Amino acid sequence: MPLYLNDEQTMLRESAQQFVSEAAPVSHMRALRDANDATGFSRDLWKQFAEMGFTGILIPEADGGLGLGHVEAGVVLEEIGRNLSPSPFLTTAVAAVAALNGTAQRERWFPGILAGETVAALAIDERAKHGDAIGMKAERSGNGFKLTGAKQFVAHGHVADLLIVAARTAGSPEDHDGVTLFAVSKDAANLTADPQRLADASLAARMTFDGVAVDADAVIGEVDGGRAVLNALLGAGRTGAAAEMLGVGGGAMDMTVQYLKERKQFGVLIGSFQALQHRAAHLYSELEVARAAVLKAQQLLDAGDAKADEAVSVAKAMAGMASTLAVQEGVQMHGGIGMTDEYDIGFYMKRGRVLAELFGDTNYHADALARAAGY
Amino acid sequence: MSDLEQFRAETRAWLEANVPASMREPMRGEGDANWGGRKADYSKNPDQKLYMDRMAERGWTVPDWPKAYGGGGLSAAEAKILREEMARLKCRNPLNSFGISMLGPALLKYGTEEQKLEHLPRIARGEIRWCQGYSEPNAGSDLAGLQTSAVSDGDDYIVNGQKVWTSYADRADWIFCLVRTSKESKQGGISFLLFDMDSPGVSTKPILLISGYSPFCETFFDNVRVPKKNRVHDENKGWDVAKYLLGHEREMISGMGLASPGGNPLIEGAIATIGLDAQSRLADPILRAQLALFEVRSKAFSAMSERFIDQLKAGQAHPAQPSMMKYYGTELNKDRHELIMASGGSDTLEWESERSNGGAKPRAWLRTKANSIEGGTSEVQLNIIAKRILELPS
Ligand SMILES: Cc1cc2nc3c(=O)[nH]c(=O)nc-3n(C[C@H](O)[C@H](O)[C@H](O)COP(=O)(O)OP(=O)(O)OC[C@H]3O[C@@H](n4cnc5c(N)ncnc54)[C@H](O)[C@@H]3O)c2cc1C
């Protein structure tokens with residue numbers, strides 16, 4: 001498969017570009033923030049995503065979706081990133097769908113996702129840095145389980161209809177096995193969400209599970225066999241986050257290059273200064289390399305290739321480095337105006353930081369590559 | 001089985017049966033590369049010649065050139081399969097050649113039919129080794145400022161001047177050379193000539209480099225007579241050819257940023273000298289982190305390289321994209337060799353010992369420092385990206 005978008009994917013990109021930039025440009029996000037919106041995104045917009053078919057991109061045709069792949073999901077995510085559009089697309093239509101796909105749970109949740117009514121959140125992380133350890137307990141109780149513990153950095157956790165929760169049914173936190181994934185609905189008793197606004201104005205919750213009772217049929221996949229489901233979720237989430245970061249980095253770069261062509265100092269356009277030209281050209285190169293890495297990961301995931309895990313880590317790590325550079329250079333090359341809230345470039349810096357942290361940062365993934373290579 | 005699957009199966013079988021074992025090991029130093037040409041010496045390893053000839057016979061030294069010019073006539077997909085299968089068996093490059101990577105593409109685009117038939121098959125078979133006469137003492141980054149003159153004399157040009165940094169001029173058979181045919185315009189007064197290095201009036205003098213090798217030369221032209229039929233493209237239009245060829249040169253050099261197929265000598269080397277701790281991690285945590293972050297870039301660049309080739313074949317690459325590949329790949333390769341030196345410690349400092357294979361590692365490390373100079377410096381590539389891709393103002 002050649003490493004570029006085919007004709008259908010290019011068409012999808014054009015419609016995603018148009019739709020996202022019209023329905024949810026940066027001003028949309030700014031307005032939500034200024035209104036101190038308690039949901040963190042627009043439910044109307046989520047409906048429109050469904051009308052466009054986007055929420056069903058990864059849902060198989062047999063289940064009513066479009067049956068497309070991670071390349072296509074990434075096309076949409078890149079536009080979300082470029083426009084800084086607050087949306088549950090990544091958690092719901094990408095990560096949650098990847099977890100539910102092929103399991104008995106899909107019949108319960110896919111219709112709502114397809115309709116743009118259901119929002120999913122991922123209760124995966126228990127510490128400030130993403131890691132592999134899972135401490136939350138799921139103990140057998142009656143016909144089901146009782147979940148006890150705490151999760152954090154749960155984007156949309158306070159408003160989600162569906163929570164995908166990783167918990168431990170056997171062993172101790174550091175063990176690989178003994179993990180089970182659960183689909184928990186939002187009205188579960190003894191579940192509390194403490195939503196916190198993050199630097200990028202999005203909302204993520206700290207969630208407490210104080211003996212939350214779920215039925216046995218809330219299990220996604222197999223009891224004790226949750227790593228496979230979690231891997232599917234994380235593979236999709238990481239690749240998706242990397243694609244969104246390409247959008248954030250690319251958006252920041254485009255704004256910056258445009259600014260270099262408009263701003264005059266010393267009587268000339270600042271874009272004619274070689275020191276800035278070289279930095280802009282270097283940034284372009286980093287982003288292009290990141291783009292190739294992300295496309296590679298998407299294609300290998302879609303092909304179910306054995307090398308997908310490695311490619312996903314490369315993509316997340318590389319996109320993290322490149323987008324971080326893009327937002328840093330973006331603010332710097334804008335000078336003082338780049339530090340103002342009124343100007344948009346700072347929003348890119350904030351969103352980039354959140355995405356860099358999501359599902360493991362560059363260091364986490366570089367470390368994973370090193371361990372896989374035996375050092 | 002699809003046609004491509006069948007092609008893969010046949011290719012694999014043929015390579016397994018025909019590539020000599022000694023050509024399936026990583027090269028241990030510059031000396032292991034086969035550059036072909038009239039002066040090639042195969043006495044040390046006759047397998048080199050055998051392998052080259054067998055590949056050339058199938059057109060696989062230049063798999064995607066047309067068959068009429070000695071190529072394999074392969075489609076982009078087939079050429080990719082051949083590359084993959086060669087990498088799988090760790091096959092070396094059968095022939096390293098400026099003819100293949102630089103002159104060939106320029107002749108395919110700008111050469112006359114007669115020029116193509118004369119030169120391309122001989123390039124494909126490794127019979128003629130070419131060198132590149134671009135740089136002059138006062139025309140490096142500012143290449144179009146070159147002064148070597150070619151004055152019309154009937155059916156010939158009389159060439160006078162000096163070139164410098166001419167890689168392997170002393171071992172090359174022919175030169176592709178930029179000359180000035182008009183002083184009226186800087187870029188519009190350059191012509192592109194091909195001539196035999198044995199022509200009367202051509203002399204070369206090797207220059208010793210920091211690696212201890214002397215792969216490049218000063219090259220002098222003293223009333224060298226060159227037939228006009230050896231001019232590629234129109235008189236005073238040589239700059240077009242020169243730039244097109246530079247794109248291919250940059251593409252080739254960027255390939256140096258890729259890890260060699262089979263194993264990971266960088267990591268293996270580090271583990272061998274530094275060792276692993278109780279958690280099976282490299283015992284130097286800072287070097288481990290540097291290596292891991294380098295590997296992220298390196299693997300991402302491999303994907304970029306694959307994407308670039310795919311885009312080129314599909315006519316989707318920006319014409320200035322080779323500059324980005326060259327810039328990124330060569331800076332990466334310098335980093336790789338810096339890490340090889342840091343990983344190997346004092347073992348990598350031995351310069352002459354047999355154990356160090358004649359100082360292969362330190363010499364290769366020094367050689368990579370030229371990657372970001374040759375074929376246009378990193379700074380020049382960044383200028384090109386800024387102006388032509390990002391369209392920043394002058
Ligand atoms: C190993 C090797 C092999 C080579 N092989 C060949 C060969 O076979 N044939 C051939 O013709 N040539 C060859 N070259 C020459 C090579 O192309 C030149 O060295 C190169 O183009 C740089 O020119 P220069 O050495 O004159 O450096 P200069 O142009 O003098 O550059 C000096 C420094 O100034 C910087 N600089 C110059 N102009 C600018 C600018 N506009 N903006 C910012 N910075 C600038 C450069 O980046 C560099 O850092 C080879 C060089 C090497 C190192």
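Here is the naming used below: chain letters follow the sequence lines, and residue numbers restart at 1 for every chain. Fair warning: this is a prediction, and the values are worked out from it, not measured in the lab.
Across A:K316, A:K129, A:R238, a single residue satisfies salt bridge (Lys or Arg N to Asp or Glu O under 4.0 Å) together with A:D361, and that is A:K129.
For A:E310, the part lying near chain B is the side chain, with the backbone staying farther off; criterion is any non-hydrogen pair under 4.5 Å. In this structure, the portions of B:F301 lying under 4.5 Å from any heavy atom of chain A include both its backbone and its side chain. With a 4.5 Å cut-off on non-hydrogen atoms, B:E379 touches chain A through its backbone and its side chain both. When heavy atoms are compared at a cutoff of 4.5 Å, A:I270 does not approach chain B at all. Both the backbone and the side chain of B:L390 come within less than 4.5 Å of a heavy atom in chain A. For A:E288, the parts sitting under 4.5 Å from any heavy atom of chain B are the backbone and the side chain alike. Residue A:R279 does not touch chain B at all, counting heavy-atom pairs closer than 4.5 Å. When heavy atoms are compared at a cutoff of 4.5 Å, B:N383 approaches chain A by way of both its backbone and its side chain. In this structure, no portion of B:I309 lies under 4.5 Å from any heavy atom of chain A. Only the side chain of A:Y284 has a heavy atom closer than 4.5 Å to any heavy atom of chain B.
With hydrogens and angles disregarded, no donor-acceptor distance shorter than 3.5 Å links the side chain of B:K299 to the backbone of A:L369. Using a distance-only test at 3.5 Å, with no hydrogens or angles considered, no donor-acceptor pair links the side chain of B:R250 to the main chain of B:S323.
For the pair A:G374 and B:I271, the tightest heavy-atom approach, listed with the atom from each and the gap, is O-CD1, 3.6 Å.
Looking at B:E306 and B:R83, no side-chain N of the basic residue comes within less than 4.0 Å of a carboxylate O on the acidic one, giving no salt bridge. Under the 4.0 Å criterion applied to side-chain N and carboxylate O atoms, A:R353 and A:E357 are assigned as salt-bridge partners. In summary, A:R82 and A:E78 engage in a salt bridge, as defined by a charged side-chain N under 4.0 Å from a carboxylate O. Between B:D142 and B:K186 there is a salt bridge, since at least one side-chain N of the basic residue sits less than 4.0 Å from a carboxylate O of the acidic one. Between B:K361 and B:D347 no salt bridge is recorded (no basic side-chain N to carboxylate O distance below 4.0 Å).
Side-chain atoms of B:L287 and B:L339, non-hydrogen and from C-beta on, do get closer than 4.5 Å to each other. Between B:L15 and B:M86, some side-chain heavy-atom pair lies under the 4.5 Å cut-off. A heavy-atom distance below 4.5 Å is found between the side chains of A:Q299 and A:V71. The shortest distance between side-chain heavy atoms of B:K90 and B:E25 does not fall below 4.5 Å. Counting only heavy atoms from C-beta outward, the side chains of A:H365 and A:H130 never approach each other to under 4.5 Å.
Counting heavy-atom pairs under 4.5 Å between each of B:Q279, B:K80, B:R297 and chain A puts B:R297 at the top. Heavy-atom pairs under 4.5 Å with chain A were tallied for B:L282, B:D277, B:L382; the largest tally goes to B:L382. Your options are A:A317, A:S285, A:P2, and the one with the most heavy-atom pairs under 4.5 Å with chain B is A:S285. Most heavy-atom pairs under 4.5 Å with chain A: of the set B:E391, B:M325, B:K313, B:E331, this distinction falls to B:E391. Ranking B:M304, B:R288, B:R281 against chain A, the residue ahead of the rest is B:R288, based on heavy-atom pairs under 4.5 Å. With chain B as the partner, the residue from A:A293, A:A280, A:S272, A:A297 showing the most heavy-atom pairs under 4.5 Å is A:S272. Top candidate by heavy-atom pairs under 4.5 Å with chain A, chosen from B:Q381, B:K387, B:E295, is B:K387.
Listed by sequence position, A:M253, A:V257 are the residues of residues 248-259 of chain A in contact with chain B, using a 4.5 angstrom heavy-atom cutoff.
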